[in-house]
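Contents: one structure, followed by commentary.
Numbering starts at 1 and runs along the sequence shown. None of the values given here were measured: they were computed from a predicted structure. Both ligands and their constituent atoms are indexed starting at 1 by order of listing.
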Amino acid sequence: MLTFITIRFLDILDILLVALLLYQLYRLIKGTIAFNIVIGLFSLYLLWLIVKALNMQLLGSIMGQFIGVGVLALIVVFHPEIRKFLVFIGTNYNVNKVLSLDKLFGVNRVKSVENEQIEILADACFSMGKSKTGALIVIARMSELADQIKTGEIMNAKISSSLIRTIFFKNTPLHDGAVIIKDNMIVAAGCILPLTQREVDKALGLRHRAAIGITENTDAVTIVVSEERGSVSFVAAGKIKQRVSRETLIGLLKESLNLQN
Ligand SMILES: Nc1ncnc2c1ncn2[C@@H]1O[C@H](COP(=O)(O)OP(=O)(O)OP(=O)(O)O)[C@@H](O)[C@H]1O
């Protein structure tokens, strides 16, 4: 029985790749209006299959025309999502990461932050929280964040608590926007980040929306200090953990940046 079905290794790989693509697409559009559109289109397609199977000529041909131009319509309707998806693939599945060229050639890439800097960042954030100073700190990993860095002031400075607190001190020119940390340095300040388009807690304003937005399409993580509440939040992969303690923040940072204690 079923001897006519032969499954090759490539077929399994094919299925796995399609599953991975669908999963990433789902992650990208989950919670957005695009998700509802996909469900609507899928229902329409199912209806068309039923209409065709029942041989309902008139309705079948009208729907057939619609589905015929469907691919073009999809590209137009999903233009922003397709763009986001390609950027996501480009930044998160780059050849360097997949093949780990750095490891292959024995190059020891500088970590985005070391243990010592994590403690400094946590101290700075909780000190700013106490004085109700708003702050937004992005820690870049594999994604270069070149587009966001370009929008700010280049600093290339050593990470220090006093520098971070000075940057975010109210009414200084650089306190608006985000600080971006990469390769153990504060590379830029006053950077503009993309805002999340998803529905989030109504109490969260633009600072928190920007913190979530940048982690949706990149592998960066962010720390936000609320000016209103003085609380500290951690964001990774589009998910925000609000009001974390100093210890929790340090643990989450070490875990997401793969640092040992
Ligand atoms: N796109 C953006 N990228 C980076 N920073 C941004 C962006 N949009 C707003 N901000 C920062 O957020 C500040 C406004 O924060 P807002 O009060 O709306 O946010 P919030 O999430 O309610 O935070 P808080 O609890 O600190 O008030 C701005 O002054 C600016 O520094």
Side-chain angles (χ1 to χ4, degrees), residues 28 31-33 80-81 83-84 87-88 91 112-113 121-141 143-157 159-182 185-246 248-249 252-253 256:
L28 207 67
T32 68
I33 191 73
E81 280 75 20
R83 193 171 177 276
K84 260 170 85 178
V87 171
F88 181 86
T91 50
S112 39
V113 274
L121 286 175
D123 287 343
C125 288
F126 280 88
S127 154
M128 289 188 287
K130 260 191 203 143
S131 59
K132 298 236 171 137
T133 306
L136 179 52
I137 300 172
V138 182
I139 303 171
R141 296 170 69 207
S143 305
E144 297 287 337
L145 307 187
D147 287 343
Q148 288 75 32
I149 291 171
K150 263 190 262 167
T151 63
E153 204 74 41
I154 302 297
M155 300 196 72
N156 288 328
I159 299 170
S160 82
S161 176
S162 49
L163 180 56
I164 289 173
R165 285 182 290 129
T166 307
I167 291 172
F168 289 111
F169 192 73
K170 278 168 208 157
N171 302 329
T172 59
L174 290 180
H175 87 284
D176 247 350
V179 153
I180 298 184
I181 289 179
K182 200 162 84 170
M185 306 268 273
I186 297 178
V187 283
C191 302
I192 300 169
L193 309 180
L195 301 177
T196 179
Q197 299 303 319
R198 298 188 186 165
E199 273 194 24
V200 292
D201 185 345
K202 292 271 185 296
L204 302 178
L206 292 181
R207 200 189 313 274
H208 290 81
R209 287 181 162 273
I212 298 171
I214 189 67
T215 68
E216 283 175 348
N217 298 319
T218 70
D219 60 353
V221 297
T222 51
I223 314 170
V224 203
V225 183
S226 166
E227 188 174 355
E228 224 172 285
R229 298 173 289 273
S231 57
V232 177
S233 303
F234 172 83
V235 193
K239 291 196 179 69
I240 184 162
K241 286 200 168 69
Q242 295 189 63
R243 290 175 288 274
V244 293
S245 66
R246 183 182 178 278
T248 310
L249 177 68
L252 286 167
L253 283 169
S256 54

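- Leu195 contributes atom CG, which lies 10.0 Å from atom CD of Glu216 (distance to the nearest 0.5 angstrom).
- Every N/O-N/O distance between Ile192 and ligand 1 stays at or above 3.5 Å.
- Between the NZ atom of Lys132 and the OG atom of Ser226 there is a distance of 8.0 Å, given to the nearest 0.5 Å.
- Ranked by closest heavy atom to atom 30 (C) of ligand 1, the top entry among Asp176, Thr151, Thr133 is Asp176.
- With respect to Ser143, the side-chain hydrogen bond (donor to acceptor under 3.5 Å, both in side chains) criterion is satisfied by exactly one of Asp219, Asn217, Thr215: Asp219.
- Taking distance alone, with nitrogen or oxygen atoms compared against 3.5 Å, Ala203 stays at or beyond that limit from ligand 1.
- Note: an N/O pair closer than 3.5 Å links Ser226 and ligand 1 by distance alone.
- Selection from Gly134, Ser231, Gly205, Ala210 by nearest heavy atom to atom 22 (O) of ligand 1 gives Gly205.
- In this structure, Ala211 does not count as a contact residue of ligand 1, since none of its heavy atoms falls inside 4.0 Å of the ligand.
- The ligand atoms of ligand 1 that sit less than 4.0 angstrom from a heavy atom of Leu136 are 4 (C), 5 (N).
- Val221 is not listed as a side-chain neighbour of Leu252, based on a closest heavy-atom distance of 4.5 Å or more.
- Under 4.0 Å from ligand 1, the heavy atoms of Arg229 that appear belong solely to its side chain.
- Residue, atom and distance of the protein heavy atom nearest to atom 16 (P) of ligand 1 are Leu206 N, 3.8 Å.
- No side-chain heavy atom of Ile214 sits under 4.5 Å from any side-chain heavy atom of Val235.
- Summary of contacts: the protein heavy atom closest to atom 27 (O) of ligand 1 is Glu228 OE1, 3.6 Å.
- Looking only at heavy atoms of the protein, atom 17 (O) of ligand 1 is closest to Arg207 NH2, 4.9 Å.
- Only the backbone of Cys191 comes within 4.0 Å of ligand 1, counting heavy atoms alone; no side-chain atom from C-beta on gets that close.
- Within a 6.0 Å sphere centred on NZ of Lys130, other residues, nucleotides and ligands contribute 12 heavy atoms or fewer.
- Nearest heavy-atom pair across Ala210 and Leu193 is O-CD1, 3.8 Å.
- Protein heavy atom closest to atom 5 (N) of ligand 1, with residue, atom name and distance, is Gly177 CA, 3.4 Å.
- Less than 4.0 angstrom separates some heavy atom of Leu195 from each of these atoms of ligand 1: 1 (N).
- Looking only at heavy atoms of the protein, atom 21 (O) of ligand 1 is closest to His208 ND1, 2.6 Å.
- Of all protein heavy atoms, the one lying nearest to atom 3 (N) of ligand 1 is Leu193 N, 2.9 Å.
- Within the 4.5 Å cutoff, no side-chain heavy atoms of Val225 are placed close to those of Phe168.
- The contact set between ligand 1 and Glu227, taken as ligand atoms under 4.0 Å from a residue heavy atom, comprises 24 (P), 25 (O), 26 (O).
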Begin with the C-alpha distance, continue with both residues' side-chain angles, and end with the deciding distance and a verdict on side-chain contact (heavy atoms from CB on, under 4.5 Å) for Asp201 and Gln242.
CA-CA 11 Å; Asp201 185 345; Gln242 295 189 63; 3.4 Å; yes
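- The side-chain contact (heavy atoms from CB on, under 4.5 Å) test with Ile139 singles out one residue from Thr222, Leu121, Ile180, and that residue is Leu121.
- Side-chain N or O atoms of Ser231 include none that pairs as donor or acceptor with a backbone N or O of Arg243 at under 3.5 Å.
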